[in-house]
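Taking it in order: structure first as structure tokens, then the write-up.
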Amino acid sequence: MRIGILKTGQSPEVTRAEHGDYDDMFERLLAGRGFTFDSYHVEELDFPASVHAAQGWLITGSRHGVYENHPFIARLEDFIRDAFAAEVPMVGVCFGHQIIAQAMGGRVVKHPGGWRVGANDYVIGGQPMVLNAWHQDQVVDLPHGATVAGTNEFCQAAALIYDHRAFTVQPHPEFRDGFIDGLIDHRGGPVPPDLLDRARARRGQADPLALADRIEAFFKNPQTTAEGLT
């Protein structure tokens with residue numbers, strides 16, 4: 001199955017040699033599951049010719065906010081709506097989770113509750129999971145047609161399902177602990193020190209396998225997987 005990765009940002013250059021870019025991380029996460037991948041750097045306006053250029057789409061994280069004025073954002077929202085109309089399944093992670101919600105009429109804000117970074121506890125599709133996070137923005141108003149599929153104490157819309165069209169999550173199953181360490185060192189300045197200390201203390205607890213299984217299942221059998229997530 002061919003998956004198109006829509007890259008909405010890049011990992012910090014200082015960590016890229018060791019951990020790769022965002023598309024590399026997703027290819028590692030989903031390796032050995034029968035997928036082939038094409039990457040498009042949509043942040044730089046490198047878009048697929050059609051929503052049918054792949055059998056499924058995966059939208060990555062980004063340093064940008066979805067509410068910011070960047071040239072790629074409106075074009076990406078149009079692409080998302082076209083993929084919805086064509087019923088090509090999409091998975092969104094962090095920024096990808098937020099941009100799909102915004103494109104479909106939801107609202108995303110810089111959350112007054114602040115940041116969550118490192119390993120955090122979630123329940124997704126009724127299943128407890130520990131997953132790495134790195135975000136301040138959140139989906140606060142759901143778009144029409146979205147159902148909450150996962151939550152935690154800080155993020156009430158931590159996962160959303162849009163019937164067989166999209167499955168989106170706020171945490172980062174693709175972020176390994178070493179990459180979180182790099183974010184702490186190189187992008188941790190805005191994050192309160194106690195949250196960085198907590199992230200360091202929970203190093204090694206995140207286990208993305210269960211969520212990777214859900215992502216695989218959604219791409220391969222979106223209707224049945226969507227029913228199991230709600």
Side-chain angles (χ1 to χ4, degrees), residues 5-31 39 41-44 58-68 70 91-99 108-124 128-140 150-159 168-212 214-215:
I5 299 177
L6 304 180
K7 194 168 63 169
T8 62
Q10 291 185 280
S11 63
E13 187 173 358
V14 70
T15 68
R16 208 171 299 155
E18 181 176 359
H19 300 288
D21 209 344
Y22 294 144
D23 49 349
D24 302 311
M25 297 179 198
F26 279 110
E27 290 190 31
R28 281 197 299 266
L29 176 72
L30 298 173
S39 292
H41 192 180
V42 296
E43 181 193 28
E44 295 296 324
L58 194 159
I59 306 177
T60 73
S62 177
R63 70 188 188 280
H64 302 302
V66 300
Y67 42 74
E68 295 172 357
H70 301 290
V91 169
V93 174
C94 197
F95 179 96
H97 166 74
Q98 296 162 10
I99 194 69
V108 177
V109 301
K110 192 175 294 294
H111 200 270
W115 290 82
R116 280 298 181 273
V117 301
N120 281 261
D121 301 298
Y122 298 86
V123 176
I124 297 178
M129 300 183 188
V130 181
L131 299 162
N132 278 323
W134 193 277
H135 72 102
Q136 184 177 10
D137 294 351
Q138 287 194 34
V139 177
V140 292
T151 188
N152 76 354
E153 49 81 27
F154 178 71
C155 184
Q156 294 303 302
T168 71
V169 295
Q170 181 59 62
H172 283 279
E174 79 283 16
F175 282 6
R176 296 179 175 178
D177 288 336
F179 183 69
I180 291 290
D181 291 343
L183 290 179
I184 289 171
D185 291 340
H186 302 290
R187 286 189 177 172
V191 182
D194 62 314
L195 293 182
L196 297 179
D197 290 343
R198 179 179 179 274
R200 293 185 184 98
R202 294 202 67 181
R203 193 182 193 284
Q205 295 184 22
D207 182 5
L209 181 60
L211 186 51
R214 298 278 186 151
I215 292 170

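- The nearest pair of heavy atoms linking A158 to P171 is O-CD, 3.6 Å.
- In terms of heavy-atom proximity, A119 sits nearest to A206 at CB-N, 4.2 Å.
- For the side-chain contact (heavy atoms from CB on, under 4.5 Å) criterion with I5, the lone passing option out of T60, L30, V42, V91 is T60.
- Between K110 atom NZ and W115 atom CH2 the span is 6.5 Å, to the nearest 0.5 Å.
- Closest of all the heavy-atom pairs between I184 and A199 is CD1-CB, 4.1 Å.
- With respect to R63 and E43, a salt bridge is recorded, a charged nitrogen being found less than 4.0 Å from a carboxylate O.
- The two residues Y67 and V109 have their closest heavy-atom pair at CE2-C, 4.2 Å.
- Each of D197, D121, D177 was evaluated against R202; a single residue qualifies, D121, per the side chain to side chain donor-acceptor pair (under 3.5 Å) test.
- Between the side chain of S11 and the backbone N or O of Y22 there is no donor-acceptor pair closer than 3.5 Å.
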Full working for side chain to side chain contact (heavy atoms under 4.5 Å, CB included) between M129 and R214: CA-CA 12 Å; M129 300 183 188; R214 298 278 186 151; 4.2 Å; yes

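- Looking only at distances, no side-chain donor or acceptor of R198 sits under 3.5 Å from a matching main-chain atom of G118.
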Residues H64, T8; criterion side chain to side chain contact (heavy atoms under 4.5 Å, CB included); working and verdict: CA-CA 8 Å; H64 302 302; T8 62; over 6 Å; no

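- Between the side chain of H172 and the backbone N or O of I180 there is no donor-acceptor pair closer than 3.5 Å.
- T168 contributes atom OG1, which lies 10.5 Å from atom CD1 of I215 (distance to the nearest 0.5 angstrom).
- The CH2 atom of W134 sits 9.5 Å away from the CZ atom of R187 when rounded to the nearest 0.5 Å.
- A salt bridge links R116 with E153; the closest basic N to acidic carboxylate O contact falls under 4.0 Å.
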Derivation and outcome, ring-ring contact (aromatic ring centres under 6.0 Å, His included), residues F154 and H111: CA-CA 10 Å; F154 178 71; H111 200 270; 5.4 Å; yes

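- Closest heavy-atom contact between H97 and V169: CB-O, 3.2 Å.
- Between P208 and L29, the shortest heavy-atom distance links the atoms CB-CD1, 4.0 Å.
- Considering CD of E27 and OG of S39, their distance stands at 5.5 Å, rounded to 0.5 Å.
- Distance check: T15 OG1 to D185 CG gives 10.0 Å after rounding to the nearest 0.5 Å.
- Of the possible donor and acceptor atoms, none in the side chain of Q205 sits under 3.5 Å from a partner among the backbone N and O of V130.
- In this structure a side-chain-to-backbone donor-acceptor pair under 3.5 Å is missing from D21 to D23.
- Annotation: E68, atom CD; neighbour count of heavy atoms from other residues, nucleotides and ligands within 6.0 Å is above 12.
- The structure places SG of C94 at 12.5 Å from CD1 of I59, a figure rounded to the nearest 0.5 Å.
- Within the 4.5 Å cutoff, the side chain of I124 has heavy atoms near those of the L131 side chain.
- In this structure, Q10 and R16 have side chains that are in contact, with non-hydrogen atoms separated by less than 4.5 Å.
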Worked check of side chain to side chain contact (heavy atoms under 4.5 Å, CB included) between F179 and N132: CA-CA 10 Å; F179 183 69; N132 278 323; over 6 Å; no

Side chain to side chain contact (heavy atoms under 4.5 Å, CB included) assessment of N120 paired with N152: CA-CA 8 Å; N120 281 261; N152 76 354; 4.2 Å; yes

